[in-house]
Amino acid sequence: MNTSKPIRVRMAPSPTGYLHIGGARTALFNYLFSRHYKGTFILRIEDTDQERSKEEFEDAILQDLRWLGVEWDEGPIKEGAYGPYYQSERLDLYRKYLKKLQELGKVYACYCTPEELEAERQDLLKRHKTPKYLGKCRNLTEQEKKALEAQGRPSVIRFRIDEKDPIQFHDLIRGDISVDPSILGDFVICKPDGWPLYNFAAVVDDCEMKISHVIRGEEHISNTPRQILLAKTLGLELPQYAHVSIILAPDRSKLSKRHGATSLGDYRTQGFLADALKNYLALLGWNPGDEREIMSEKELIQDFVLERMVKSPAIFDVEKLKWMNGMYIRNSALDTIVHESLPFLEASGLSVKDKHPHWLKKVIETIRGNLETLNQVGSFSELFFDEKFTLAEEAKTQLLKNKKEVLEVLNALDTLLAKAGTIDLEGFQKLQEDLKSKVTVSDKKLLFQSQRLALTGRLKGPEMTVVMPILGVDSCRKRIQITKSKLSL
RNA sequence: GUCCCCAUCGUCUAGUCCGGUCUAGGACACCUCCCUUUCACGGAGGUGACCCGGGUUCAAAUCCCGGUGGGGACGCCA
């Protein structure tokens with residue numbers, strides 16, 4: 001790869017919606033690329049669509065990017081030498097380049113109405129031709145223009161395409177791409193109110209901001225020839241392009257709202273860890289060339305090269321993301337997981353304020369092996385919270401099935417607990433030995449299961465070896481009483 | 001419809017550039033077994049793919065052509 005120029009990449013979201021999983025992945029690739037080559041990662045807000053741009057979306061995008069750990073070096077909040085980083089604040093610049101285009105005679109005013117344009121489009125479609133602007137206003141005389149203006153018709157500015165030779169460019173991921181300019185049609189670069197449109201603003205900014213590599217979604221391949229034409233006409237130095245394949249839903253269609261969570265925020269509230277999502281996203285369309293899958297950010301940065309990007313689109317598989325998230329929940333620092341779990345615990349109605357931090361840590365430590373996502377933390381840990389203690393129907397049935405034995409076990413256990421005073425890991429072993437010698441029940445399974453059912457109210461859960469010490473003697477005894485009374489034993 | 005892009009297990013992918021070592025490797029999911037008082041974790045196995053048709057070649061997942069399929073674009077959105 002040509003790395004003679006300083007590496008500068010950018011992510012250019014438009015604040016017209018929340019950050020999409022695909023956008024996050026594109027941002028991530030840009031970020032990894034910039035870090036790998038020790039370059040600069042720029043965040044540019046493309047807010048030229050005044051009607052749809054909302055501050056709320058911009059805030060969310062910034063927040064989500066930060067949550068993912070994709071930090072930018074230049075952009076909003078972090079001003080740099082190539083600012084401003086909002087297109088709405090760069091209008092003078094576009095005006096300057098527009099003037100240049102006018103002087104070169106490469107643009108013209110178009111007075112066609114949206115209805116006329118749509119009719120033209122439909123007509124071309126019907127005749128099996130490429131729908132494009134045919135150039136009706138290309139050669140308007142001054143008088144014609146005046147007449148149109150007198151009618152009160154607003155006008156847009158179109159870029160005049162005179163090229164006949166194929167527009168070719170080398171895509172760093174896809175290789176050589178060639179497009180016949182005749183399919184393009186003169187495209188609009190400025191709206192009636194003078195605001196620039198995407199293809200114009202983006203290429204001006206990419207060049208002005210000295211972007212070395214434009215890494216963006218595949219949907220932009222068709223914009224590239226237009227941008228190249230504009231840049232060449234303006235004498236601007238072009239960046240290199242790399243078009244990343246898009247992410248598809250399981251039904252092979254474009255990922256959208258009807259497929260459930262699509263914005264990054266959705267994944268966060270569903271209990272996915274930023275590191276896990278980052279890891280998963282990095283592996284969607286890229287791989288390190290060996291069989292590693294769980295990779296730290298450091299490793300991702302070290303190994304990230306465009307040469308290893310996959311060209312075909314990838315289907316987003318939430319099952320694999322869940323698996324990876326589980327891996328991160330199990331293997332991250334316990335304190336981190338405890339901290340991340342707090343909001344989910346609260347959301348499940350489990351109050352942790354009056355609980356000892358050490359106790360909570362123990363709880364999370366014992367149940368984290370069961371978790372795929374953090375929003376399951378409540379349902380797996382509530383058995384440790386006395387205020388949530390209830391006997392599940394199936395637990396009741398099981399206990400009732402062996403009424404006599406259960407009563408014997410519980411009474412013996414209660415006595416033993418009262419005598420023990422406290423209980424820890426070793427104490428549990430001793431307790432079980434004593435229990436075994438005190439009761440007539442010899443079935444190991446029945447012995448353990450009765451205790452589990454009576455103390456947790458559930459059929460399943462972590463080993464009793466850890467459950468009992470975490471509950472403590474008081475809680476255990478309290479639960480024995482409740483269970484007994486509920487079963488009228 | 002037109003143009004552009006893509007095509008290996010259900011899914012993510014290695015292998016394709018430089019054809020033989022690929023009876024196609026790994027991971028998720030699924031199934032079986034082991035561990036285990038239960039769940040989960042963990043461990044060991046298993047099912048499962050080169051889109052189709054031609055061509056080049058001693059030899060094709062790999063190169064070429066055609067077809068088919070999928071996706072993207074065709075905005076006074078980005």
Side-chain angles (χ1 to χ4, degrees), chain A residues 12-17 23 46-49 51-53 110 112-114 117-118 121 124-133 154-158 171 173-175 177-180 182-185 187-193 195 197-199 201-202 216-225 243 245-246 248 250 252-254 280 283-294 307-308 310-324 326 330 366-372 380 432 443-453 456 458-465:
Chain A
S14 83
T16 53
E46 308 219 322
D47 54 353
T48 53
D49 188 336
E51 265 142 58
R52 295 196 297 153
S53 292
C110 167
C112 297
T113 65
L117 261 15
E118 183 56 23
R121 191 188 128 83
L124 286 165
L125 237 28
K126 207 160 58 192
R127 286 160 44 210
H128 299 187
K129 302 245 169 130
T130 306
K132 62 165 187 176
Y133 181 63
S155 64
V156 298
I157 294 169
R158 285 185 186 272
D171 189 292
I173 294 171
R174 279 147 210 286
I177 296 177
S178 174
V179 175
D180 181 352
S182 69
I183 63 153
L184 260 25
F187 56 96
V188 180
I189 63 166
C190 286
K191 287 191 272 193
D193 61 7
W195 281 67
L197 254 9
Y198 169 72
N199 278 122
R216 73 214 323 186
E218 181 176 31
E219 66 271 24
H220 288 291
I221 291 181
S222 56
N223 286 321
T224 309
H243 289 98
S245 65
I246 54 162
L248 264 27
R252 300 210 127 267
S253 69
K254 206 172 172 179
Y280 176 73
L283 254 31
L284 251 197
W286 176 84
N287 67 80
D290 52 40
E291 276 158 7
R292 281 173 300 158
E293 293 207 299
I294 303 293
E307 286 77 3
R308 295 215 60 89
V310 176
K311 285 187 268 200
S312 46
I315 291 173
F316 188 83
D317 181 13
V318 79
E319 288 307 317
K320 186 148 185 176
L321 205 212
K322 281 184 191 166
W323 164 77
M324 195 169 272
R330 264 167 265 135
T366 67
I367 59 118
R368 69 162 158 177
N370 293 68
L371 305 179
E372 275 187 324
F380 279 102
Q432 291 302 319
D443 182 3
K444 207 170 150 196
K445 191 162 175 172
L446 180 62
L447 191 64
F448 269 93
Q449 208 185 35
S450 331
Q451 296 182 69
R452 168 179 302 287
L453 294 169
T456 70
R458 304 163 162 222
L459 254 37
K460 303 169 183 175
E463 305 162 76
M464 291 310 284
T465 327

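The figures that follow rest on heavy atoms only: side chains count, while hydrogens, waters and symmetry mates do not. Order of the sequence lines sets the chain letters (A, B, ...), proteins ahead of strands, with each chain counted from 1.
A:Lys191 has no carboxylate O lying under 4.0 Å from a charged side-chain N of A:Asp193, or vice versa, which leaves the two without a salt bridge.
Looking at heavy-atom distances under 4.0 Å, A:Lys132 makes no contact with the nucleic acid at all. Residue A:Leu197 is in sugar-phosphate contact alone, with no base atom involved, counting any heavy-atom pair closer than 4.0 Å across all strands shown. Across all strands, A:Cys190 comes closer than 4.0 Å to no nucleic acid atom at all (heavy-atom distances). Residue contacts for A:His243: at a heavy-atom cut-off of 4.0 Å it reaches no nucleic acid atom on any strand shown. Within 4.0 Å of A:Val188, counting heavy atoms only, lie sugar-phosphate atoms of the nucleic acid but no base atom. Using a 4.0 Å heavy-atom cutoff across all strands shown, A:Ser182 reaches no nucleic acid atom at all. Counting any heavy atom pair closer than 4.0 Å across all strands shown, A:Leu371 reaches no nucleic acid atom. Contacts of A:Leu125 with the nucleic acid, taken as non-hydrogen atoms under 4.0 Å apart, include base atoms. Nucleic acid contact for A:Leu459: base, since at least one base atom lies under 4.0 Å from a heavy atom of the residue. Contact annotation for A:Arg308: backbone-only contact, meaning every heavy-atom pair under 4.0 Å involves sugar-phosphate atoms and none involves a base. Nucleic acid contact for A:Arg330: sugar-phosphate only, since backbone atoms but no base atoms lie under 4.0 Å from a heavy atom of the residue. A:Gly289 comes within contact range of no nucleotide atom at all, as no heavy-atom separation falls under 4.0 Å. Among the atoms of the strands shown, none is found under 4.0 Å from any heavy atom of A:Lys322. Using a 4.0 Å heavy-atom distance criterion, A:Asn199 is classed as making no nucleic acid contact.
Nucleotide B:U36 holds its P atom 11 Å from the CD atom of A:Glu463, rounded to whole Å. For the pair A:Phe187 CZ and B:A73 C1', the computed distance is 14 Å after rounding to whole Å. Note: CG (A:Leu184) to C1' (B:G75) measures 14 Å, nearest angstrom. Rounded to an integer number of Å, the gap from A:His220 NE2 to B:C77 C1' is 10 Å. As a whole-Å value, the separation of A:Glu307 CD from B:A14 P is 14 Å. Rounded to whole Å, the distance from CD on A:Glu291 to P on B:C12 is 17 Å. Between the CD atom of A:Glu118 and the P atom of B:G75 there is a distance of 9 Å, rounded to whole Å. Look at NZ on A:Lys254: it is 15 Å from C1' on B:G70, rounded to the nearest Å.
The pairing partner recorded for B:G1 is B:C74, the criterion being a Watson-Crick or G-U wobble arrangement whose two distances lie under 3.5 angstrom. Across all strands shown, B:A61 forms no Watson-Crick or G-U wobble pair with both key distances under 3.5 Å. Nucleotide B:A24: unpaired (no Watson-Crick or G-U wobble partner with both distances less than 3.5 Å). Searching all strands for a Watson-Crick or G-U wobble partner of B:G69 with both distances below 3.5 Å returns B:C6. Applying the Watson-Crick and G-U wobble criteria (two distances, each under 3.5 Å), B:A49 pairs with nothing in any strand. Across all strands shown, B:U37 forms no Watson-Crick or G-U wobble pair with both key distances under 3.5 Å. Across all strands shown, B:A44 pairs with B:U32; the Watson-Crick or G-U wobble distances both stay below 3.5 Å.
When distances run from any side-chain atom of A:Val156 to the nucleotides B:C76, B:G26, B:C77, the shortest one goes to B:C76. Taking every side-chain heavy atom of A:Ser14 into account, B:A78 is the closest of B:A73, B:A78, B:U37.
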Subject >> Chi angles and distances behind the side-chain contact (heavy atoms from CB on, under 4.5 Å) call for A:Leu453, A:Leu459 >> reply: CA-CA 6 Å; A:Leu453 294 169; A:Leu459 254 37; 3.1 Å; yes

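Proximity of A:Leu283 to A:Met324: side-chain heavy atoms (C-beta onward) are separated by under 4.5 Å at one or more points. Using a 4.5 Å heavy-atom threshold, the side chains of A:Glu218 and A:Asp171 count as separate. Side-chain contact check for A:Leu321 versus A:Phe316: some heavy-atom pair is nearer than 4.5 Å. By the 4.5 Å heavy-atom criterion applied to side chains, A:Gln451 and A:Gln432 are counted as neighbours. Residues A:Tyr198 and A:Thr48 form no side-chain contact, since every pair of their non-hydrogen atoms from C-beta on lies 4.5 Å or further apart.
One C1' atom belongs to B:G69, the other to B:C50, and the distance between them is 16 Å to the nearest Å. Taking atom C1' in both B:C64 and B:G45, one finds a spacing of 42 Å when rounded to whole Å. Taking atom P in both B:C51 and B:U11, one finds a spacing of 12 Å when rounded to whole Å. On the C1' atoms, B:A61 is 16 Å away from B:C18, given to the nearest whole Å. With P as the reference atom, B:G43 and B:A24 are 25 Å apart, rounded to whole Å. When the C1' atom is compared between B:U8 and B:A14, the two are found 10 Å apart, to the nearest whole Å. Taking atom P in both B:C30 and B:C41, one finds a spacing of 10 Å when rounded to whole Å. Across the C1' atoms, B:G20 and B:U56 are found 16 Å apart, a figure rounded to whole Å.
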Protein-nucleic acid N or O pairs under 3.5 Å, nucleotides 3-11 of chain B:
| from | atom 1 | to | atom 2 | distance (Å) |
| --- | --- | --- | --- | --- |
| B:C5 | O2' | A:Arg174 | NH1 | 2.3 |

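Summary of the strand contacts: A:Arg127 and A:Gly369 both lie near RNA chain B, and taking for each the nucleotide with the nearest heavy atom, the more 5' one is attributed to A:Arg127. Map A:Trp286 and A:Leu124 each onto its nearest nucleotide of RNA chain B; the residue landing nearer the 5' end is A:Leu124.
Stacking between A:Trp323 and the base of B:C28 is absent under the criterion of ring centres within 5.5 Å and planes under 30 degrees.
Contact annotation: A:Lys191 side-chain N/O to B:C77 OP1/OP2 distance is under 4.0 Å. Close to B:U36, at under 4.0 Å from its OP1 or OP2, lies no side-chain N or O of A:Lys460. Remark: A:Asn287 is in phosphate contact with B:A14, judged by side-chain N or O atoms under 4.0 Å from OP1 or OP2.
Rounding to the nearest 0.5 Å places CD of A:Glu372 at 8.5 Å from CZ of A:Arg330. Rounding to the nearest 0.5 Å gives a distance of 11.0 Å between NE2 of A:His220 and CD1 of A:Ile246.
A donor-acceptor pair is defined here as one N or O able to donate and one able to accept, closer than 3.5 Å; no such pair exists between the side chain of A:Arg308 and the backbone of A:Trp286. A donor-acceptor pair under 3.5 Å is formed between the side chain of A:Tyr280 and the backbone N or O of A:Asp317. Remark: side-chain polar atoms of A:Arg252 are not paired, donor with acceptor, to backbone N or O of A:Ile315 under 3.5 angstrom.
Scanning atom types as modelled, no donor and acceptor separated by under 3.5 angstrom connect the side chain of A:Asn223 and the base of B:A73.
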